[in-house]
Amino acid sequence: ADLFLSIHANSSPYPRIGGVETFYLNFTDSKDAIDVASRENASSQKSIFELQDIIHKITLHEKLDESREFAGRVQSSLFSFSSRNIAGQKDRGVKKAPFVVLIDAHMPSVLAEIGFVTNPREEALLKKSDYRQKLADALYRGLAKYAEGLSHFQMAQN
C-alpha cells in the first residue's frame with residue numbers, strides 16, 4: 001500500500017466534547033492525545049513485552065514528515081466538511097500519538113477521529129448513512145489533496 005488511513009469514532013466522558021482530529025505516529029506530552037491513544041490501544045493484542053520493539057519502531061518511523069503532511073490534508077478536509085454540518089464545530093487539529101495501529105505501517109499513515117459517539121449531536125449524525133457517505137467523501141478529498149503533491153502517486157479514476 002502507498003497510504004494508510006485508519007478511521008475511528010472518538011469518545012469522551014464529557015458529552016459536550018466534539019469535533020474531528022487526525023493523528024500521526026509519534027511520541028507526545030499531550031494528555032488528551034495520550035488518553036485517545038490509550039483507549040484505542042486497549043484492544044491491541046500487543047503485550048508489554050513488545051514495548052521495547054514498539055518504542056524502537058516509533059523512533060525509526062521514516063515516514064514521519066509525510067504522515068504529518070497527510071494528517072494535515074485529511075484534517076483540513078474533515079474540518080471543512082464538519083464545520084459546514086455542525087454549528088460551532090471545533091477543529092481539534094492534527095496531533096501526534098503512539099497508536100499501535102500505525103506502528104507497523106511502512107508508508108505515510110494517519111488515524112482520523114471522525115466525531116464523538118458520546119456527543120449526542122455527532123452520534124445522531126454518525127447514525128445517518130448519507131452523513132457517513134459525506135464523511136467518506138471528505139476523507140477522500142483530504143487523501144486526494146495529499147496525493148496530488150506526490151510525483152509517484154496516481155489516483156484511480158472514477
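Quick caveat: nothing in here was measured; it's all calculated off a predicted structure.
Residues satisfying the side-chain hydrogen bond (donor to acceptor under 3.5 Å, both in side chains) test with Arg84, not counting sequence neighbours, are Ser80. Applying the side-chain contact (heavy atoms from CB on, under 4.5 Å) rule to Ser76 yields no partners; only residues at least two apart in sequence or on another chain are considered. For Tyr146, the ring-ring contact (aromatic ring centres under 6.0 Å, His included) test picks out Phe70, with sequence neighbours left out. Partners of Phe79 according to the ring-ring contact (aromatic ring centres under 6.0 Å, His included) rule, which considers only residues two or more places apart in sequence or in another chain, do not exist here. The ring-ring contact (aromatic ring centres under 6.0 Å, His included) test applied to Phe81 returns Tyr131, not counting sequence neighbours. With sequence neighbours left out, the side-chain contact (heavy atoms from CB on, under 4.5 Å) criterion links Ser6 to Phe4, His8, Val101, Leu111. In this structure Arg68 satisfies the salt bridge (charged side-chain N to carboxylate O under 4.0 Å, His left out) test together with Asp65, sequence neighbours excluded. For Gln75, the side-chain hydrogen bond (donor to acceptor under 3.5 Å, both in side chains) partners at least two apart in sequence or on another chain are Thr22, Asp91. Arg92 is linked by a salt bridge (charged side-chain N to carboxylate O under 4.0 Å, His left out) to Glu21, counting only residues two or more places apart in sequence or in another chain.
Between Ala9 and Ile114, the shortest heavy-atom distance links the atoms CA-CG1, 4.4 Å. Considering every non-hydrogen atom in both Pro98 and Leu25, the closest pair reads CA-CD1, 3.9 Å. Listed here is the closest heavy atom pair of Ser77 and Ala138: OG-O, 2.6 Å. Across Ser67 and Ser109, no two heavy atoms sit closer than the pair OG-N, 3.0 Å. Here the closest heavy-atom approach between residue Ser12 and residue Ile17 is recorded as OG-CG1, 3.6 Å. Of all non-hydrogen atoms in Ser83 and Gln89, the two that sit nearest each other are CA-CB, 3.9 Å.
For the salt bridge (Lys or Arg N to Asp or Glu O under 4.0 Å) condition, no pair includes a residue of residues 133-144, sequence neighbours left out. A salt bridge (Lys or Arg N to Asp or Glu O under 4.0 Å) check over residues 118-130, counting only residues at least two apart or in different chains, returns the pairs Glu123-Lys127.
Residues Thr118 and Asn10 fail the side-chain proximity criterion, which asks for heavy atoms closer than 4.5 Å. For the pair Leu139/Leu78, a side-chain contact is recorded, criterion being any heavy-atom separation below 4.5 Å from C-beta on. Looking at Val110 and Leu102, their side chains never come closer than 4.5 Å, going by heavy atoms from C-beta outward.
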Evaluate the criterion side-chain contact (heavy atoms from CB on, under 4.5 Å) for residue pair Leu126 and Leu135; output intermediate values, then yes/no. CA-CA 9 Å; Leu126 288 168; Leu135 262 174; 3.6 Å; yes

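With rounding to the nearest 0.5 angstrom, the CG atom of Leu143 is 10.5 Å from the CD atom of Glu148.
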